[in-house]
Structure formats: C-alpha cells, structure tokens
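Taking it in order: structure first as structure tokens, then the write-up.
Throughout, protein chains are lettered first and strands after them, A, B, ... in sequence-line order, and every chain is numbered starting at 1. Computed from heavy atoms alone, side chains included, the values below leave out hydrogens, waters and symmetry copies.
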Amino acid sequence: MSNEMNTTNKSEILKFNSLPKDEIRQISLGHRIWGKTQGFIYPFLTLFMLLVVTETIVRVFHIRNFILPAPTKIFETLFQSWPYLWTNAKPTLFVVIVGFTMSLCTAVPIGILIASSKVMEKFVYPLLVTAQTIPKIALAPMLIIWFGFSMTPKLVITVLISFFPMVINTVAGLKGVPQEMLDLARSSRASKLTTFRKIRWPFALPSVFAGLKIAITMAVIGAIVGEYIGADKGLGFVLIAAAGRLEMDLVFAAVVILVAIGMSSFYTLTFIERISIPWHESIRKENRGH
Amino acid sequence: MSHTNGQAIISISNLGKIYETPTSSVHAISDVSFDVEAGEFVSVLGPSGCGKSTLMMIAAGLRTKTSGAIQVNGRDVDGPMDDIGIVFQRDVLLDWANVIDNVMFSIEARKLPTKEYLPNAKRLLDSVGLADFYEARPYELSGGMRQRVSICRALVHDPQLLLMDEPFGALDALTREQMMLDLQSVWLQSKKTVLFITHSIQEAVFLSDRVIVMSPRPGTIDLDLRIDLPRPRSLHIMETPNFNAYMREIRETFEARGVITHV
C-alpha cells in the first residue's frame with residue numbers, strides 16, 4: 001500500500017511543472033483523506049482489541065467492579081451519569097482553557113524576552129528552572145490558604161505547570177535561527193522588528209507549537225491536580241469522590257472524559273499548527289501522506 | 001551607473017583578520033591588498049579555509065577586520081552598507097514566504113517603497129526563467145532555482161556592488177554551468193561590480209575580468225591575473241587554448257604553494 005502511494009507521489013512531483021495547480025491540489029487532497037482515515041483506523045483497532053481483551057478477562061475471572069470495571073460497564077455509567085459528569089466537566093474545561101491561555105500569554109512573551117536579551121537570560125532563566133523543579137503539588141495547600149476553594153488555585157496550578165514547556169520551546173526556537181539568516185537580515189539593514197517579524201518569529205513558530213502541544217496536555221493535569229486538593233466540583237472532584245465510594249466505573253468514565261478533553265484540545269492545536277505553518281517540513285510530510 | 005572605469009569601488013589595503021577563541025587564535029587572512037574597479041567582475045579563488053569567505057564578510061560589513069583598511073565606495077566599512085547585494089553560500093531563502101516575497105525581503109528590510117520595486121523583482125525573476133514561480137514556495141524549487149531566487153533578492157534594490165560567496169558551491173556540475181551562463185548575462189545587462197568568491201578555477205576564469213588567487217591560511221594574495229577573453233563567453237570557450245593557459249597558470253600557482261600535490 002505504501003509502495004503504491006510512493007509511486008503516485010513521485011509522479012506527482014515529476015508532473016509538477018506541467019500540471020495546473022488545481023490538479024495538484026486534488027491529488028494531494030485525495031492523499032490527505034486517505035492518510036487521515038488510515039491514521040484513525042489503526043489506533044482505534046488497537047484500542048478496540050484492548051477493550052475486548054479487558055472485557056473478556058473481567059467476565060472470565062469475575063473481577064469485581066471496584067477492582068476493575070468492565071469496559072461495557074464503564075460506557076453504561078458514562079451514558080447514565082452523563083448529566084452529572086457533564087456538569088462537572090464544564091469547570092474543568094474552563095480551567096484548562098483559561099489556564100492554558102493565561103499561561104500562553106505570559107510564557108511566549110517571556111520566552112521572547114529571554115531570547116532577545118542576555119541580561120534577561122542571566123536573571124530570569126535560572127529562576128524559571130528553579131520554579132520548574134518545585135513539585136507543584138507541594139504548593140497546593142498554600143494556594144488553598146491564599147485563594148480558598150475558588151477557581152483561582154486551580155488556575156494558578158494550571159498556569160505554573162504548563163508554563164515551562166512553552167518558555168523553553170519559544171527560547172529554543174528563537175535561538176535556533178541560523179547565523180546565515182541573521183547575516184541576511186543584517187546585510188539588508190533590517191530593523192530589529194523586521195528581523196523578528198520576518199525571520200526570527202516564523203522560524204521559531206514550529207518550536208513554539210511543539211511547546212504549546214506539550215503544555216496543553218500538562219494543563220489538563222494541572223486542572224485535575226488543582227481540583228484534587230480542594231474542590232466541590234470538576235472532574236478532579238468526581239475522581240476523588242467516586243474513588244472514595246469505590247465506584248470505579250464512575251472513576252473510569254471521568255477518565256474517559258478527561259482523555260477526550262486532552263485529545264480534543266491537543267488536536268485543536270495541531271489543526272491551528274497546520275494552518276499556521278504549512279511550509280514546515282513536518283506538516284509537508286504529513287500532507288504527502290508519509 | 002555613471003561610474004567611469006578606473007574608479008575603485010572596493011579598496012583593500014593590508015587587511016588582516018585573526019579569529020580569537022578562548023583557547024587559540026586563528027590567523028585567517030594576512031596582508032591582503034587589492035582594488036576592485038567599477039563594473040569589474042573579480043573572483044577571489046583559493047583553497048578551502050584560506051579566508052576568502054572571511055574577506056567577503058568583512059567587505060559586507062558583517063565581520064570586523066583585525067588590521068589594515070577596507071573601503072567600499074570611498075567609505076570605511078564599519079557595518080553593512082546600503083548599496084550592496086549579497087549572495088550567500090547557501091541560498092538562505094525563507095520557507096514561510098513565496099518566491100516574490102523572498103525577493104522583496106531586500107526591499108522591505110531597507111524600507112524602500114514596495115510598489116516601486118515590485119516590477120524590478122518580477123523582471124529579474126523573469127530574466128532567470130522563474131516567471132511562472134512567483135507564488136511558489138522555496139521548498140517546491142530545485143537547488144538551482146533557489147539560488148537564482150537568492151541572486152534576484154541580492155539585485156532587486158539595484159545595488160552597485162554584488163558580493164557572492166561560493167554561490168554555486170552546492171549545485172551539481174550541469175546546473176552550475178547553466179548558472180555561470182545566467183550570471184554572465186545578468187552581469188552583462190546590469191554592469192554591476194562583482195566580487196565573486198569561489199574555489200573552482202574554471203568558474204573563476206570563465207566569469208571574471210580578474211582572478212585573485214589566495215594562498216592557504218593565513219590567506220595572502222599569490223596571483224592577480226587579468227582574464228582577457230571576449231564577452232559574452234560561451235561554454236565552448238573552456239576548450240580554447242587561451243582559457244586553458246589561464247587555468248594552467250592558476251593551477252601552477254596552487255602547485256607551487258603545495259595546495260595541489262602530485263604523488
């Protein structure tokens with residue numbers, strides 16, 4: 001199958017000069033749809049098989065619900081307790097999105113500052129690394145004392161936990177600009193702003209996106225950690241409460257929703273990335289279907 | 001282009017460059033002196049590591065000199081100047097911009113009026129056979145096409161002086177010959193002053209009015225050879241006795257220096 005795709009692909013490139021643009025787009029669109037379907041089928045097949053195996057084990061060995069709930073039981077609970085779960089998913093989703101956005105709006109500018117000033121790098125960078133090595137959960141009781149049981153401590157933890165990968169990747173991206181490109185800018189007497197807008201920032205974008213994609217998954221963890229330590233709503237609260245009552249099917253149902261939140265936010269970012277940097281090698285490779 | 005022949009566009013005297021690293025110092029070039037006159041095509045030819053690229057970078061104002069003097073257009077070089085176009089070893093195209101925007105980067109960076117220079121960009125691209133590729137992205141082009149775009153970018157603001165640092169070094173032999181012809185025709189039309197850095201004897205003799213041969217590090221001038229061949233030159237000129245005599249003279253200079261040795 002992949003061989004067949006490779007040959008079409010080569011002939012597509014060979015025909016590049018003679019083909020009108022529309023036709024090229026059609027071919028690659030066909031490839032893209034096939035590539036995407038293929039991309040979805042395999043992980044779902046794997047997942048489905050895992051679920052079947054689990055279901056079989058649970059039924060054959062009569063494993064009790066509070067040890068390992070059967071997948072069918074989990075889905076049953078997911079549908080039956082949907083209103084309860086959805087009510088509690090909303091505050092978590094809120095914390096993930098707002099916390100991630102706040103983190104993004106501070107982390108990227110700080111990354112830019114660090115990358116463009118030696119002084120900032122010397123003063124701020126070591127502090128950031130120190131801050132990153134503090135286990136966030138250790139701060140949690142203090143945050144509760146300071147901010148009470150409101151949304152604030154959850155947001156603070158989410159911001160703290162998702163902050164670091166974004167700063168690091170922004171700095172790495174901006175610092176990775178090849179000397180030749182900077183020489184080009186300097187020899188063209190480009191201003192600092194032009195150099196940033198036209199060269200440094202676009203060059204760093206793929207790396208920034210890599211940071212965002214790590215950070216969004218961290219943000220989901222941050223929100224749950226925040227809710228673990230003190231909350232009366234949210235999926236983190238559901239997890240604690242259900243586990244306390246040994247309702248493992250409800251725990252797993254909440255986990256399924258968390259996975260859905262994590263994955264959909266991750267793929268939203270991937271989608272934005274595809275639109276923003278279609279020129280990048282990684283995106284081009286995917287569009288070619290391998 | 002009102003400059004008459006005989007006026008020095010680049011004037012270099014006793015130029016030296018030492019790279020200092022924490023552990024050692026590298027003497028890149030030493031006591032280099034020569035002038036490049038208006039409208040002249042001058043090649044600097046030398047073995048790798050002889051400091052010829054350093055020389056160009058200093059002329060471009062992108063690296064500092066350690067000793068001596070260098071003037072471009074009668075002004076001491078202390079930073080990048082406006083009236084220069086540079087073609088780098090690698091094409092340094094921006095993947096996130098299409099071909100025309102890559103060329104226009106020169107204009108935007110210099111804050112020149114975009115509208116006024118757009119026709120110039122298109123004319124240049126047309127002249128190197130890229131008329132159908134204004135909207136193409138750099139990664140859709142071949143190596144030769146990419147380097148053509150970067151030459152257009154160096155010329156679009158109509159500089160008087162063009163500095164080229166082994167621009168065809170990364171290209172295959174066939175593409176390289178085509179590029180030599182294209183560069184010659186662009187140069188014949190525009191009559192820019194060109195300082196061309198290369199390690200190919202053939203390329204240097206074919207393209208140049210003058211070839212300056214540098215010794216291994218620390219680079220000094222071993223030979224300053226005037227190439228008296230009629231223009232425009234076709235590829236067949238490489239088979240003529242005159243052309244080969246020039247090639248031989250340069251090769252013998254390298255042999256005398258031990259750059260090329262026979263077993």
Distance in Å, F266(A) CZ paired with I214(A) CD1, rounded so as to fall on 0.5 Å steps: 9.0 Å
Establish, from distance only, whether the side-chain atoms of T270(A) and E273(A) form a donor-acceptor pair under 3.5 Å. no
Contacting moiety of I107(B), where chain A heavy atoms sit under 4.5 Å: neither
Heavy-atom distances under 4.5 Å only: say whether D101(B) touches chain A with side chain, backbone, both or neither. neither
Quick one: of S188(A), P178(A), A190(A), who has the most non-hydrogen atom pairs under 4.5 Å with chain B? S188(A)
For the residue pair S265(A) / T268(A), report whether a side-chain donor-acceptor contact shorter than 3.5 Å exists. no
Between T194(A), I199(A), L205(A), which residue shows the highest count of heavy-atom pairs closer than 4.5 Å to chain B? I199(A)
Chain A contact via I86(B) - side chain, backbone, both or neither, heavy atoms under 4.5 Å: side chain
Please check if the number of heavy atoms outside M263(A) that lie under 6.0 Å from its CE is greater than 12. no
Proximity breakdown for S187(A) and chain B, heavy-atom pairs closer than 4.5 Å: both
Let me know if R137(B) has heavy atoms under 4.5 Å from chain A in its side chain, its backbone, both or neither. side chain
Kindly check if the number of other-residue, nucleotide or ligand heavy atoms within 6.0 Å of NZ (K198(A)) is above 12? no
Engaged part of R153(B) at the chain A interface, taking heavy atoms whose separation is under 4.5 Å: side chain
Above 12 or not: heavy atoms from other molecules or residues under 6.0 Å from CZ of F123(A)? no
